[in-house]
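Read through the structure below, which is laid out as structure tokens, and then see the notes.
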There are 2 protein chains.
Amino acid sequence: MTSQTQTPNNRRKRRTATSRVTMTDVATRAGVSAQTVSRVLRQPELVGDEVSRRVREAILELQYVPNFAASQMASNRSGIVAAIIPTISASIFADTVQALSDVFVPEGYQLLLGNNEYDLEKEEELVRSFLGRGPDGLVLSSTHHTEATRALILGAKIPVVETWDWEETYLDLMVGHSNVKAARVVMDHFVSRGYRRIVFAGVTNAGDFRAKARLTGYRAAVKALELDRERVLTLTGKPLSMASGAETMNRVFAEFPDADAVFFSSDVFAAGALLHCVRLGVSVPGDIAIAGFGDFDFSAHLVPSLTTVSVHAGDIGRTAANLLLARMRGEAVASSRIDVGFELVPRESS
Amino acid sequence: MTSQTQTPNNRRKRRTATSRVTMTDVATRAGVSAQTVSRVLRQPELVGDEVSRRVREAILELQYVPNFAASQMASNRSGIVAAIIPTISASIFADTVQALSDVFVPEGYQLLLGNNEYDLEKEEELVRSFLGRGPDGLVLSSTHHTEATRALILGAKIPVVETWDWEETYLDLMVGHSNVKAARVVMDHFVSRGYRRIVFAGVTNAGDFRAKARLTGYRAAVKALELDRERVLTLTGKPLSMASGAETMNRVFAEFPDADAVFFSSDVFAAGALLHCVRLGVSVPGDIAIAGFGDFDFSAHLVPSLTTVSVHAGDIGRTAANLLLARMRGEAVASSRIDVGFELVPRESS
DNA sequence: TTGTAAGCGTTATCAG
DNA sequence: CTGATAACGCTTACAA
């Protein structure tokens, strides 16, 4: 017999059976309606004790796992928070992500993570793809975005927090600190200790606006403090590694032989440079002073220990998460912009 | 007029309008059916050029963002890969996550990330919540799970890859290396350089089975190499920080004054210990040799540079991702278990 | 306190 | 090559 002889009833469209346990299965097992199962899960206080018990039992017996996609379709809430950071690996941003996770997961949210590699186009791509998931909130790691990114986010009408930056204009919420000021504080510190021929050595990749802000702060300080002259060394395209720092130190010796201090845009570079000096027998800070940025774990332990700026990566994540959470719940926030600050940590290297 | 006077037609249940642009909106705008819009997005080759052009235009004009939850409901595929690592912050696992992201994102998958803090109960919780999202694949970071976790995963019938470990039994796929062997290699190295009174110093938190495996390797080596005796220092509950390493070094001096070498379960501890020695004026390796584990960026740059084991965190992520990808596509995999190996890196500290 | 029905936005299936 | 329709599993709105 060919399939054409089948009854009209058989024409009902059937998808491949999911074989997954659904809410209805649980309901049947417990002898209630699906709606009641849903209530037991969302608003247990509205369900009678005996019914509630039977439902929970059925859930355990059937190993029921709720389908969040269906839940999202029906309720228009996803339980997802999306976060975009510049880079995940071996970076200070990992501390921020950890803090985000520490706050959001206990609240029942899941964390969708992406990295833009300091590329605004990649960020746009990520935002577009994340928005398709209908996140309840979005965490970005700078205030610099393409116009399309901005439009997408505003169109999505969800709470957004921009972090690791400090600007006058922002989309919705902002948590961070001023990198310009941070650089200035380092410069003031150098000058207070008698250094005046100061080199700035930092990555100036197109998308790293934080490093650029630090450079801006350096330049302003050179002018304001009437220092000798600008001495800038850019590490374009160099990976964030200690090897880059060591290499850069050699360039300092070659290009600015009279320099008495170097301000690196990251502790990673600074540590590489410092250890390179130790190996060469160059005295730090006797022959040249060094300061970094970030206060990494190793910075306090180096010999000599590294002068740096502590930036509270965890605080940024925690603060941003709590602020976003409040907005996601529709609660009023005291301030939509929070400066978590930074801290100069003077140590032996300067 | 009360609402009761309204026409029956008004009784139609209306949810709060999403205000979001849907596929139907795009279809209307382009003068085609929703199905055609879907085809343009999923199987463009099946759609005529002119129609395709009109649809793409409409998508851009309306700033259409597809709803993945709906897509998932209909297709039973989520486009999500979930990954669970022990800890995100300041850790070698961040490199693995980066590699996962580097492979999955270009393939159109989104990464759902969670950390279990070496706690199997937390892992179970995470797996349960992640499975509700219907991930197309799952990445775990050890082969140790609760029974319930195992049952959940097997019940979900999705590809899983367990990483950072090497065992005979595994759920589906495995990518990693043997920590027992890695420890043995370090011990062989110490002995070949004349050290025989070797201390093992490592975290033995309940859930850190990798550190435990290294301890197992150490113990086996002491026996096999007929060394003086076991010298074990456990850092229970200590954070993975250089400060812990320095502190532990003091304990070595106090508890094992005759020790001639120390094997730390992480480069972080080893570096803290090494720098502590430098500060105290204790010669490394003259007075005592030091080796670590992980080959962090700083390890090569320390003075003296740190002997360690390189473990290829990025390779683990890349290999795991590609293996999982193959299985998710239903492709045959040559081997379901891949040893990415490790590498002894002898340096000045031993 | 519990149940019924409609609807969320997409894709699989079948028809043309 | 394009369209109509049912179905995915859940929650909102309403009824009882």
Side-chain donor-acceptor pair under 3.5 Å between Q98(B) and T87(A), yes or no? yes
M73(A) CE to dT10(C) P: how many Å, rounded? 8 Å
Side-chain N or O of Y64(A) closer than 4.0 Å to phosphate OP1/OP2 of dG9(D): no
Output the rounded distance in Å from CE (M23(A)) to C1' (dA5(C)). 16 Å
Among residues 25-48 of chain A, which residues get a heavy atom nearer than 4.0 Å to DNA chain C? V32(A), S33(A), Q35(A), T36(A), R39(A), L46(A), V47(A), G48(A)
What nucleotide, of dT10(C), dT2(D), dC8(D), holds the atom closest to the side chain of V51(B)? dT2(D)
Does the side chain of L111(B) come within less than 4.5 Å of V105(B)'s, by heavy atoms? no
For the pair made of CZ in R20(A) and P in dG9(D), what is the distance, rounded to whole Å? 8 Å
Counting only pairs under 3.5 Å, give me each side-chain donor-acceptor contact of residues 324-333 of chain B, with atom names and distances, residues two or more places apart or in other chains.
unit_1	atom_1	unit_2	atom_2	d
R327(B)	NH1	D172(B)	OD1	2.3
R329(B)	NH2	E107(B)	OE1	2.5

Please report, rounded to the nearest Å, how far the C1' atom of dG9(C) is from the CG atom of N67(B). 6 Å
Atom CD of Q72(B) and atom C1' of dC8(D): how far apart are they, to the nearest Å? 10 Å
Only one of R150(B), E124(B), E162(B) passes side chain to side chain donor-acceptor pair (under 3.5 Å) with H145(B); say which it is. E162(B)
Which residues pass the side chain to side chain donor-acceptor pair (under 3.5 Å) test with Y170(A), not counting sequence neighbours? S336(A)
A side-chain contact here means heavy atoms from C-beta on lying under 4.5 Å apart; do V65(B) and R20(B) qualify? yes
Grab the CG-P distance between D49(B) and dC1(D) for me, whole Å please. 9 Å
Separation of dA13(D) C1' from N76(A) CG (nearest whole Å): 16 Å
Rounded to whole angstroms, how far apart are CZ on R54(A) and C1' on dT1(C)? 13 Å
